[in-house]
Amino acid sequence: MQLRYRFRLYPGAGQRAALARAFGCVRVVYNDALRARETARGQGVPFPKTGELSKRLITEAKKTPERAWLGEVSAVVLQQSLRDLDTAYRNFFDGLKGKRPRMGAPRYKSRKDTRQAIRFTVNARWSITPGHKLRLPKIGDVTVKWSRALPSLPSTVTVVKDSAGRYFASFVVETGPGEVLPKVPPELGIDLGLGHFAVLSDGTKIDSPRFLRRAEKRLKKAQRALSRKEKGSRSRDKARVRVARAHARVADARREFHHRLSTKLIRENQAVAVEDLAVKGLARTRLAESVHDAGWSAFVSMLEYKAARYGRTFIRIGRFEPTSQVCSQCGVQDGPKPLHVRVWTCPACGAVLDRDINAAVNVAKAAGLAVSACRAQVRPGLLPAPRGEAGTHSTPQPQTAR
């Protein structure tokens with residue numbers, strides 16, 4: 001499978017200027033190609049092919065005074081921008097055909113976009129120098145903060161500048177079968193929530209870090225300072241970067257939490273089951289901020305690809321499974337319950353059930369995992385004893401007044 005590794009870059013002043021030129025040239029070629037195809041659509045003629053666009057917008061455009069500066073950057077990144085446009089159109093049309101979730105039509109890129117990216121393939125002849133720097137054509141040797149070793153030789157590298165002004169190198173690598181972990185017996189069901197980020201079928205409850213909630217005071221202060229700055233001024237741009245960096249710290253902390261937890265669960269369990277949550281629907285309710293702060297979709301995606309990488313089993317059950325309504329002891333469905341009901345008693349067997357742990361056990365059972373209900377930390381309720389077994393004597397005894 002293909003994996004993406006990301007490392008922090010520290011380009012010098014001249015290298016930042018070269019990267020800015022490359023970002024701008026890629027944006028111009030992308031917009032020119034989009035304009036050419038939109039013009040063809042308006043005229044009712046077939047879309048021009050990528051090869052024709054490459055010849056007209058890159059090769060021939062470099063010979064004109066208006067686009068001569070396209071020759072200052074690597075031709076590979078310009079070719080990749082045309083492929084990105086092809087991918088955008090393909091995804092758009094596949095969404096219309098129902099082959100994938102719907103997405104909007106390709107749009108023009110703005111020079112005011114705070115996130116920029118260029119991609120180098122093997123044809124660009126980029127390399128990692130003996131001094132462990134990243135050598136990029138027409139940019140130079142860029143310092144990289146290597147946090148870990150790459151498992152194999154990368155096929156592509158994408159240089160990204162995010163909204164906070166940070167630079168990253170993103171490598172695509174192929175991983176082999178040597179990543180498979182030894183088998184372990186536990187199988188796990190996970191119930192994701194807001195009160196607790198995750199509740200496991202073995203009774204473990206993992207608190208929600210609420211990174212955004214904890215950073216609200218700092219974010220409000222930075223955003224208030226940004227709103228006071230004059231539009232178009234240098235001070236406003238600096239304030240915007242401070243806001244972006246504050247949000248980046250929150251996103252980085254959340255991503256680190258997701259990675260640590262997902263890796264731990266995949267390493268310690270042979271099979272993991274989660275419920276397919278309607279995140280988009282929940283994000284339109286009054287709980288939207290808490291839902292976005294939890295980041296369930298990103299966490300589930302990490303579980304899925306790490307399970308495939310390490311030879312584990314990942315199962316996603318349907319969102320309409322009544323996991324919170326069924327008793328994990330006897331299987332009787334008791335109907336929906338309000339959210340404030342966290343503990344309930346099964347009317348059939350009398351078991352006292354924790355709502356979240358019971359749901360996690362039912363998630364595992366719905367996925368077909370061998371998780372026993374006794375792991376749900378339930379306790380038997382108080383039931384009336386049979387008439388013949390009540391008391392300490394086999395026959396009723398007369399009661400005396402006290």
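A salt bridge links Lys205 to Asp354: at least one charged side-chain nitrogen sits closer than 4.0 Å to a carboxylate oxygen. We find that Glu38 and Arg35 are not joined by a salt bridge, their nearest charged nitrogen and carboxylate oxygen being 4.0 Å or further apart. A salt bridge links Glu289 to Arg213: at least one charged side-chain nitrogen sits closer than 4.0 Å to a carboxylate oxygen. Between Glu304 and Arg316 there is a salt bridge, since at least one side-chain N of the basic residue sits less than 4.0 Å from a carboxylate O of the acidic one. A salt bridge does not link Arg234 to Asp237: none of the charged side-chain nitrogens sits closer than 4.0 Å to a carboxylate oxygen. A salt bridge links Arg135 with Asp141: the distance from a Lys NZ or Arg NE/NH1/NH2 to an Asp or Glu carboxylate oxygen falls below 4.0 Å. Salt bridge status for Arg245 with Asp252: absent, with no side-chain N to carboxylate O gap under 4.0 Å.
By the neighbour-count criterion of 12 heavy atoms within 6.0 Å, atom CD of Glu230 is sparsely surrounded, having that number or fewer from other residues, nucleotides or ligands. For Lys221, the NZ atom counts as loosely surrounded, since its 6.0 Å shell holds 12 or fewer non-hydrogen atoms of other residues, nucleotides or ligands. With a 6.0 Å radius and a threshold of 12 heavy atoms from other residues, nucleotides or ligands, Arg4 has its CZ atom above the threshold.
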List the atom pairs, with distances to 0.1 Å, where a side-chain N or O of residues 222-229 and a protein N or O form a donor-acceptor pair under 3.5 Å, not counting sequence neighbours.
unit_1	atom_1	unit_2	atom_2	d
Gln223	NE2	His247	NE2	3.1
Ser227	OG	Arg224	O	2.7
Lys229	NZ	Ala225	O	3.2

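Gln43 pairs by the side-chain hydrogen bond (donor to acceptor under 3.5 Å, both in side chains) definition with nothing, not counting sequence neighbours. For Arg21, the side-chain contact (heavy atoms from CB on, under 4.5 Å) partners at least two apart in sequence or on another chain are Ala17, Ala18, Glu72, Val73. For Thr87, there are no side-chain hydrogen bond (donor to acceptor under 3.5 Å, both in side chains) partners at least two apart in sequence or on another chain. Every residue was checked against the side-chain contact (heavy atoms from CB on, under 4.5 Å) condition with Thr59, not counting sequence neighbours, and none meets it. Residues passing the ring-ring contact (aromatic ring centres under 6.0 Å, His included) test with Phe171 are Phe7, Trp126, Trp146, sequence neighbours excluded. Taking Lys138 as the reference, nothing meets the salt bridge (charged side-chain N to carboxylate O under 4.0 Å, His left out) condition, with sequence neighbours excluded. Under the side-chain hydrogen bond (donor to acceptor under 3.5 Å, both in side chains) criterion, Arg260 pairs with Glu256, not counting sequence neighbours.
Considering every non-hydrogen atom in both Leu57 and Val29, the closest pair reads CD1-O, 4.3 Å. Contact detail for Ile190 and Ala198: the closest heavy-atom pair is CG2-CB, 4.0 Å. Here the shortest heavy-atom pairing between Leu53 and Ala36 reads CD2-CB, 3.9 Å.
Judged by distance alone, the side chain of Arg355 and the main-chain N or O of Val341 form a donor-acceptor pair under 3.5 Å. One N or O on the side chain of Thr285 and one on the backbone of Leu287 form a donor-acceptor pair closer than 3.5 Å.
Under 3.5 Å, the side chains of Gln270 and Glu187 contain no donor-acceptor pair of N or O atoms.
Under the 4.5 Å side-chain criterion, counting only non-hydrogen atoms from C-beta, Pro154 is not in contact with Tyr5. Put simply, the side chain of Tyr167 does not reach to within 4.5 Å of the side chain of Val142, judged on heavy atoms.
Pairs passing the ring-ring contact (aromatic ring centres under 6.0 Å, His included) check and including a residue from residues 249-272, sequence neighbours excluded, read Phe197-Phe257, Phe197-His258, His258-Phe299. Listed by first and then second residue, the salt bridge (charged side-chain N to carboxylate O under 4.0 Å, His left out) pairs that reach into residues 87-116 come to none, sequence neighbours excluded. Applying the ring-ring contact (aromatic ring centres under 6.0 Å, His included) test to residues at least two apart or on different chains, none of the pairs has a partner in residues 204-223. Screening residues 79-108 for ring-ring contact (aromatic ring centres under 6.0 Å, His included), with sequence neighbours left out, gives Phe47-Tyr89.
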* To do: Assess whether side-chain contact (heavy atoms from CB on, under 4.5 Å) is satisfied between Val157 and Leu134, documenting all intermediate values.
  => CA-CA 10 Å; Val157 57; Leu134 181 61; 4.1 Å; yes
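Arg312 pairs in a side chain to side chain contact (heavy atoms under 4.5 Å, CB included) with only one of the listed residues (Leu303, Val184, Asn269), which is Val184.
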